[in-house]
Amino acid sequence: MPTTAASAARQTAPAPAPEAAPQSPARVPLVVILGPTAVGKTALAICVASALNGEIVSADSRQVYRHMDIGTAKPAPDELAAAPHHLIDIVTPDQHYSLAEYQRAAYRAIQDIHARERLPLLVGGTGQYLTAVLEGWGIPEVPPDPSLRAELEDFAAAQGARALHDRLRAVDPTAARRIDYRNIRRVVRALEVSLLTGAPISALQRKSPPPYRVLQIGLTLPREALYERIDARVDRMIAAGLEREVRALLDAGYTWDCPAMSGLGYAQWQPHFAGDATLDDVADAIKRETRAFVRRQYTWFRGHDSGIRWLDAAQTAPDVVIGMVRDWLNDEGA
RNA sequence: GCCGAGGUAGCUCAGUUGGUAGAGCACUUGACUGAAAAUCAAGGAGUCCCCGGUUCAAGUCCGGGCCUCGGCA
């Protein structure tokens, strides 16, 4: 059971090793390993963590869910055991998890690791999560209000997306200008903040960067090679029993409208279980949508690149990265 | 061999009474502050199977050819 292995790994608190311990208490060193899905971040991060007394803080919006192991490409039990991991398997698939909760948990995990005199590694492909942590986004303190959201969505369905957007423009013209009226989800969120606080969301969005000294390593591959890796990985997931995993989730009572079920590798099974798609259709859909997803990831990284050192995953041995991180740690204070 | 259907964007197809082509998906790109593996937007792309004919004008009509699929032999 991967869940147990993960829990065990999380609870293990290895003895501090002074070798890589940061000397400056004021500035927490943070190594970030980011990149598109399937590029090989997990394996690299574990090598670096093992070599440099590190602990991994996952920045993956899907690996937070328990019982979703194959489809989220969660680290295997032996990988979880090889280095402490945080923010994996922390909620059930029917729970709503959010950016704000992630950001808080990530800051706490990074502080804790630093307090243990170990090296925090922030590793993942969820660009928004990474950026919110690194840039210190001040996320408006307005938790989602499901009934208000439903009400606003119904309004859009009845009156049209334009009418909903008009309501936003009336209370928050700045946000209205930035959000496409057809993107109902974002219009709803902006309105939600306005209606619940009386303040426009655009006025509440601030940044206060955390006191970290950051090394960002971006792992990348040529598009074609990455697509091939994705196709192979999807085939492997299916061979490893992805269908069984999805069925088990449904049998456990989790429904298609659970937030976790919208993820790649899960949502694509719905037509198959309804009898409208073959297994090949499902595999094709997962591959196709994963390829589209990596393009979105690159768009995010390109637009939020504050000094990412990009490395070709096929041409960079883990030792090279370990050396790079070690040099960077030794440069501290220089 | 005969009968029928069809050959239009990478794929599946739509193209109204003839006026030099569209849709979905793919592909590429962009947005993104409590659903983000979500959600939304933009863009490039086609010798309309080939040859000939009718016409001011043919993806569209006529003739011939090639190819694919189905049925019958």
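Proteins come first, then strands; the chains are lettered A, B, ... in the order of their sequence lines, and each starts at number 1.
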*Integer-rounded Å distance: B:rA26 P and A:Arg296 CZ*: 10 Å
*asked:* If I pick the C1' atom on B:rA14 and the same atom on B:rA21, what distance separates them, to the nearest angstrom?
replied: 11 Å
_Starting the side chain at C-beta, find the nucleotide from B:rC32, B:rG34, B:rU28 nearest to A:Arg223._
B:rU28
*Do the non-hydrogen side-chain atoms of A:Arg213 and A:Trp328 ever get within less than 4.5 Å of each other?*
yes
_Looking at A:Asp60 and A:Lys74, is any side-chain nitrogen of the basic one under 4.0 Å from a carboxylate oxygen of the acidic one?_
no
*Could you check if a side-chain atom of A:Ile139 sits within less than 4.5 angstrom of a side-chain atom of A:Gln103, using non-hydrogen atoms only?*
yes
*asked:* Could you tell me how far B:rA23 sits from B:rC62 if I compare only their P atoms? Round to whole Å.
replied: 29 Å
*How long is the line joining CZ of A:Arg182 and P of B:rC40, in whole Å?*
11 Å
*With a non-hydrogen cut-off below 4.0 angstrom, is A:Pro140 in contact with a base, only sugar-phosphate, or nothing?*
base
_In whole Å, measure the gap between the C1' atoms of B:rA58 and B:rC67 for me._
22 Å
*Determine the contact category for A:Thr72: base if any of its heavy atoms lies under 4.0 Å from a base atom, sugar-phosphate if only primed atoms, P, OP1 or OP2 are that close, otherwise nothing.*
base
*Name the nucleic acid region contacted by A:Tyr227, choosing base, sugar-phosphate or nothing; use a 4.0 angstrom heavy-atom cut-off, strictly under.*
sugar-phosphate
*NA contact type, A:Leu99, heavy-atom cut-off 4.0 Å: base, sugar-phosphate, or nothing?*
sugar-phosphate
*For A:Asn183 and B:rC32, what is the distance between atoms CG and C1' respectively, to the nearest whole Å?*
8 Å
*Taking atom C1' in both B:rA45 and B:rC11, what distance in whole Å separates the two?*
14 Å
*Does A:Leu264 reach the side chain of A:Arg62, with side-chain heavy atoms less than 4.5 Å apart?*
no
*From B:rA41, B:rA35, B:rC25, nucleotide with atom closest to A:Asp180 side chain*: B:rA41
*Salt-bridged, A:Glu101 to A:Arg104, with N to O below 4.0 Å?*
no
*Any N/O donor-acceptor pair, A:Glu153 side-chain to B:rA35 base, under 3.5 Å*: yes
*Hey, could you give me the CD1/CZ distance between A:Ile184 and A:Arg149, rounded to the nearest 0.5 Å?*
13.5 Å
*Can you check the A:Gln95 CD to B:rA35 P distance for me, whole Å?*
15 Å
*Hey, is the side chain of A:Arg189 pairing donor to acceptor with the base of B:rA35 inside 3.5 Å?*
no
*asked:* I'd like to know if A:Arg116 pairs up with A:Glu55 as an ion pair, taking the criterion as any Lys NZ or Arg NE/NH1/NH2 lying under 4.0 Å from an Asp or Glu carboxylate oxygen.
replied: yes
*Among B:rU33, B:rC27, B:rA35, find the nucleotide with the atom closest to the side chain of A:Arg295.*
B:rC27
*Rounding to the closest angstrom, what is the interatomic distance between B:rU39 and B:rG46 at atom P?*
32 Å
*asked:* Please classify the nucleic acid contact of A:Gly303 as base, sugar-phosphate, or nothing, using heavy-atom distances under 4.0 Å.
replied: nothing
*Same-atom distance (C1') from B:rG18 to B:rC32, integer angstrom*: 48 Å
*Integer-rounded Å distance: B:rU39 P and A:Arg149 CZ*: 14 Å
*Pick the C1' atom in B:rG52 and in B:rC66, then give their distance to the nearest Å.*
15 Å
*Look at the side chain of A:Arg288 and decide which nucleotide, out of B:rA26, B:rG34, B:rA36, has an atom nearest to it.*
B:rA26
_Just to be sure I understand the rule, does A:Gly138 reach a base, reach only the sugar-phosphate, or reach nothing, if contact means heavy atoms closer than 4.0 Å?_
base
*Using a 4.0 Å heavy-atom cut-off across all strands, classify A:Tyr97 as base, sugar-phosphate, or nothing.*
sugar-phosphate
_In whole Å, I'd like the distance from the CG atom of A:Leu204 to the P atom of B:rG34._
10 Å
*May I have the distance from A:Lys207 (atom NZ) to B:rC32 (atom C1'), rounded to whole angstrom?*
12 Å
*Expressed in whole Å, how much space separates the P atoms belonging to B:rG44 and B:rC49?*
24 Å
*asked:* Over all strands shown, is A:Tyr102 touching base, sugar-phosphate only, or nothing at heavy-atom distances under 4.0 angstrom?
replied: nothing
*Starting from P on B:rA31, measure out to CD on A:Gln128 and report it in whole angstrom.*
14 Å
_A:Thr299 side chain, from C-beta outward: closest of B:rC32, B:rU33, B:rU29_ = B:rC32
*Kindly point out which of B:rA36, B:rG30, B:rU33 is positioned nearest to the side chain of A:Arg62?*
B:rA36
